[in-house]
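Just so it is clear, the model here is predicted, and its values are computed rather than measured.
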Amino acid sequence: MPHHALEITLTHALSQAELDAARRRMPLAANHDATRLMALVKAGTPHQAARRLRRGLSDRLPIDAITTHYPDAEHKVLLNIALPPTARATLTTAAPRESLTLESFIEHAVRRALADHAEQEIDHLGRNVHQLLAHASPAHLLIAVGRALTQLSKESLP
């Protein structure tokens, strides 16, 4: 049976005592401020691993979301969230109206939200570029962007 690398996003930072208590259940690696954890879970599928992790630690940790650390063959990352009962009821009622399962409905909503966010970011950058072009030539702006991207790629190398 394979192991699955899962990332846990917490609702708040853990104290050392809380982290130690959770580590007594299973090995966990914490980030610098104990707001995110990594775990390896043995299970047949990523879905089973996320459910096993949530069942095993939800009474010890303030889990916000669990995600697979690596994308699957379709370049997707599993997102496991525990919905409050009222939110689940609302979404369960809304999904069939769109002829979707609850999971598909949430997936579509997340995709729309991410697309909207990307569009807003592109619009924001476009406005900034227009402001820069008011004070610089397009050629100089392009050279500056090229230099910045080159420097960024040099900084990201080990």
Result of checking Leu28, Leu53, Asn31 against Leu37 for side-chain contact (heavy atoms from CB on, under 4.5 Å): Leu28
Atom [atom1] in [X], atom [atom2] in [Y]: separation rounded to 0.5 Å?
| X | Y | atom1 | atom2 | result |
| --- | --- | --- | --- | --- |
| Leu78 | His47 | CG | NE2 | 5.0 Å |
| Lys76 | Glu107 | NZ | CD | 4.5 Å |
| Asp33 | His12 | CG | NE2 | 12.0 Å |
| Arg55 | Gln48 | CZ | CD | 9.0 Å |
| Ile66 | His4 | CD1 | NE2 | 13.5 Å |

Between Asp116 and Gln120: side-chain donor-acceptor atoms closer than 3.5 Å: no
Side chain to side chain contact (heavy atoms under 4.5 Å, CB included) against Lys42, all qualifying residues, sequence neighbours excluded: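 Listed in chain order: Met1, His3.
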Residues in side chain to side chain contact (heavy atoms under 4.5 Å, CB included) contact with Thr93, at least two apart in sequence or another chain: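 For Thr93, the residues satisfying side chain to side chain contact (heavy atoms under 4.5 Å, CB included) (neighbours in sequence not counted) are Arg97.
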Close side-chain approach of Leu91 and Ile106, heavy atoms under 4.5 Å: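 When only atoms from C-beta onward are counted, Ile106 and Leu91 do touch, with a gap below 4.5 Å.
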Flag side-chain contact, heavy atom, 4.5 Å: Leu14 against Pro62: yes
Smallest separation among heavy atoms of Ile81 and Ala65, with atom names: CG2-CB, 3.9 Å
Test side chain to side chain donor-acceptor pair (under 3.5 Å) applied to Glu18 - qualifying residues, sequence neighbours left out: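 Glu18 satisfies side chain to side chain donor-acceptor pair (under 3.5 Å) with Ser15 once adjacent residues are dropped.
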Arg36, CZ: over 12 other non-hydrogen atoms inside 6.0 angstrom: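 12 or below, so no.
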His130, NE2: over 12 other non-hydrogen atoms inside 6.0 angstrom: no
